[in-house]
Structures are given as structure tokens and as C-alpha cells.
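Notes follow the structure.
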Number of protein chains: 2
Amino acid sequence: MQMIAIQTEAVFQALADKTRLRIIRLMVVTGDESCLCELVDSLLEPSYKLSRHLKILRQAGLLSSQKEGRWVYHRLLMKPAYLESLYATVQALPDSKEIYSADLKRFRERLCLREGGRCQIGIQSEAFKSEAG
Amino acid sequence: MQMIAIQTEAVFQALADKTRLRIIRLMVVTGDESCLCELVDSLLEPSYKLSRHLKILRQAGLLSSQKEGRWVYHRLLMKPAYLESLYATVQALPDSKEIYSADLKRFRERLCLREGGRCQIGIQSEAFKSEAG
DNA sequence: CCAATACTTGCATTATGGTGCAAGTATGCA
DNA sequence: TGCATACTTGCACCATAATGCAAGTATTGG
């Protein structure tokens, strides 16, 4: 409910980054929500990086984030109305390097690991696990 | 016809600037083409600044520019298809500070100075005229 | 052919933004 | 209560991008 004045160009600024566009494209195509570790396993980027980009997307008014236990679920906001138009544009973009489709494939596989519709595990990709393991 | 590989995030990067968004919004709303001096008189920004932003928009594939004598006319490109969706988003953005509507008002007035549908004069705004006058 | 003019651009400066490391917070389980 | 873990963030560093000045190019009218 942070309806603070958002500069209009901030909407595009939010998507003017490769990683952030991958996040939004993934969520637009799937319509699903996602926690951070699922995104790490889907985009194969470190959690601190995605966490920061998620914050930027939230501040730009594209995402809402909700804590559930140790997990934080992120989902697309649909209001104000121009966001739906924005997502249509994101979905219409070409995927010539097939980065988005690769993200999507990993995300769908990762969803299979949910139990009761919720993520119950942490990062699975060896390269991005916290060193404590 | 520069169908070179444009990074998808470059599309949003192009609109992630206040001045460039004002240019595109103006052209989306009017559907008209415009030369540089008309844009200077509409946005009240120096010509070198707008010229550079126009170049960025051209390189991002949003504009085509055509020289006519001493004037260069800029118009929106409509292909690839995602651009139409992008422009719909631009048009759907709020104008809470009424910057876009002020630009539009000045642009419409400036259009009245065309003769034969073409701009025949230079910058009218005193503050942005070249010092030679 | 010269001068006015519509527009562009090299350069230096400043501002903004992305990244990685390492340390931090918060939650839940044993 | 202590530890593992899901996520966040302060800091330093580097890359990118916006700006203004001044000099440049290209076109045209006298």
C-alpha cells in the first residue's frame, strides 16, 4: 500500500537491467509467486544480488513481498493499470538468446520441489549455496 | 533498417530517463513527427541535450530520423510489434505533475507555426536560441 | 561563395547505478 | 537456547550514463 509518488520514468528504470527484466519476465510468464531461493535456482545468480534487485522492483511498485516463516514470497502487482500494459510489453519481447526460456525451464523444475505449494528447502544450486553447508 | 541485435533491456533503458520519456510521450500522444527545434520549443530543453537523447532513442530502435533540408524529422517506429505495446504503456502513465500536458500544449502551439505542414523556422524560445541571433 | 542556421559531437565533469564481500537480521528447529 | 538457514544490507569499488560547453558538420539563402 505504498502509493507514494513514483516518478514515471522509474517504472522503466526498474526494467532497464538485465537481471530485473529476467525476474519480471519469469513472473509475468508464469503468473506465479516465488521466494528468493527459487529465483536463485532459476536465474543462477547469487542471492544477495537478486535480493537487491527485488528491493528495487518493490520500490518501483512492480512487486509486493510477503514474509512466510523464513521465506519471502514475491509477486507481481497489477495496479495501477499501466502495469498490466507494461507486463504485456515484457511478454512481447523477443528471447533471441533464449535466456528467458532457460530461466523458465529451471523455474518449472524448481516448482516441483515445493511441498504443499510452498518452498520448504533452500538454494539447490551448488554454486550459490551458503558456505555453511 | 538497422535490425541489429538490440538487447531487450535496452528498450526500457531508453525510456528510463525523464527527458526521453517526455519526448516519447509527446510523440505517442500526438502521433506526429517533429524536428529538433520544435522539440526544443515544446520541452524547453537545450538542443544539444535533446539531440543526444534523440540519438539514444534512435539507437534503441524507437525512432527513425529523416533529414529534410536543414531540418531533421523524428517519428516513432511501430515495428517490432512490442513497440506498440510499449507506447500503450507510455500513454497509460499518470501525469501527476502535468509535465506531459504542458509539453503537449506548447507542442500544439508550435505546430501552428508550420507552413505547408513543415517547420520553416528555428528555435523560438529566447532562452534556447543560438547566440548568433 | 559567404554567412546564417539547424543540428551534432568530443571532451571533461559529475551523478547514478550495479557488484561482491562480509557482516548483519530474523525465523524455526533440535 | 543455540545453531542452521533464508534473506538483507553497509561498504568500497567499478562501470555506465547524463550534462554543459564549445567546436564541429551540413545545408541553404543572399
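We name chains A, B, ... by the order of the sequence lines, and we start the count at 1 in each one.
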*Side-chain heavy atoms of A/Leu76 within contact of A/Leu83, under 4.5 Å*: no

*Would you say A/Asp95's side chain and A/Ile99's backbone share a donor-acceptor pair under 3.5 angstrom?*
yes

_Euclidean distance, atom CD of residue A/Glu9 to atom C1' of D/dA17 [Å, nearest integer]_ = 14 Å

_Using modelled atom types and a 3.5 Å cut-off, is there a donor and acceptor pairing between side-chain atoms of B/Thr89 and backbone atoms of B/Ser85?_
yes

_Which residue lies more 5' along DNA chain C, comparing B/Leu36 with A/Lys49 via nearest heavy atoms_ = B/Leu36

*asked:* According to side chain to side chain donor-acceptor pair (under 3.5 Å), does anything in residues 110-126 of chain A pair up with another residue at least two apart or in another chain? List the pairs.
replied: A/Glu33-A/Arg118, A/Glu38-A/Arg114, A/Asp41-A/Arg110, A/Asp41-A/Ser125, A/Glu68-A/Arg118, A/Glu126-A/Lys129

*Would you kindly give the CG-to-P distance between A/Asp41 and D/dT5, to the nearest whole Å?*
15 Å

*Among the nucleotides D/dA18, C/dG18, D/dT8, which one has an atom lying closest to any side-chain atom of A/Asp17?*
C/dG18

Report each atom pair, protein N/O against N/O of nucleotides 14-16 of chain C, whose distance is under 3.5 angstrom.
none

*Taking the side chain as every heavy atom from C-beta outward, state whether B/Tyr73 and B/Ser65 have any atom pair closer than 4.5 Å.*
no

*Report yes if some heavy atom in the side chain of A/Val29 is under 4.5 Å from a heavy atom in the side chain of A/Val90; otherwise report no.*
no

*Atom NZ of A/Lys129 to atom C1' of D/dT5: distance rounded to whole Å?*
13 Å

Dump every N/O contact between nucleotides 27-30 of chain C and the protein below 3.5 Å, one line per pair.
none

_Looking only at the side chain of B/Lys55 (C-beta and beyond, no hydrogens), which of the listed nucleotides C/dT19, C/dT9, D/dG20 gets closest?_
C/dT9

_Tell me the interatomic distance from B/Phe128, atom CZ, to D/dT19, atom C1', rounded to whole angstroms._
13 Å

*Does the C/dG18 base have a donor-acceptor partner in the side chain of A/Arg20 within less than 3.5 Å?*
no

*If you look at every heavy atom in A/Leu21 and A/Leu15, which pair is closest and at what distance?*
CB-O, 4.0 Å

*asked:* Need to verify one output field. Residue with the more 5' nearest nucleotide on DNA chain C, A/Glu45 or B/Gly122?
replied: B/Gly122

*Could you tell me whether the phosphate oxygens of C/dT8, OP1 or OP2, come under 4.0 Å of any side-chain nitrogen or oxygen in B/Tyr48?*
no

*asked:* So, under a plain 3.5 Å distance rule, would you say the side chain of B/Arg52 forms a donor-acceptor pair with the base of C/dG10?
replied: yes

*Which nucleotide in the set C/dC7, C/dG18, D/dT8 lies at the smallest distance from any side-chain heavy atom of A/Ile56?*
C/dG18

*Using atom NZ of A/Lys18 as one end and atom P of C/dG18 as the other, report the distance to the nearest whole Å.*
14 Å

*State whether A/His53 places a side-chain N or O below 4.0 Å from either non-bridging phosphate oxygen (OP1 or OP2) of C/dG17.*
no

*Check whether the side chains of B/Thr8 and A/Tyr100 place a donor and an acceptor atom closer than 3.5 Å, and report yes or no.*
yes

*Mind calculating the distance between CD (B/Gln120) and C1' (C/dC7) to the nearest angstrom?*
16 Å

_Between D/dT28 (C1') and B/Arg118 (CZ): distance, integer Å_ = 17 Å

*For the residue pair B/Met27 and B/His74, what are the closest heavy atoms and their distance?*
CE-O, 2.8 Å

*Between D/dT16 (C1') and B/Phe12 (CZ): distance, integer Å*: 20 Å

*Could B/Arg22 and B/Glu45 be called an ion pair, given the rule that one side-chain N must be under 4.0 Å from one carboxylate O?*
yes

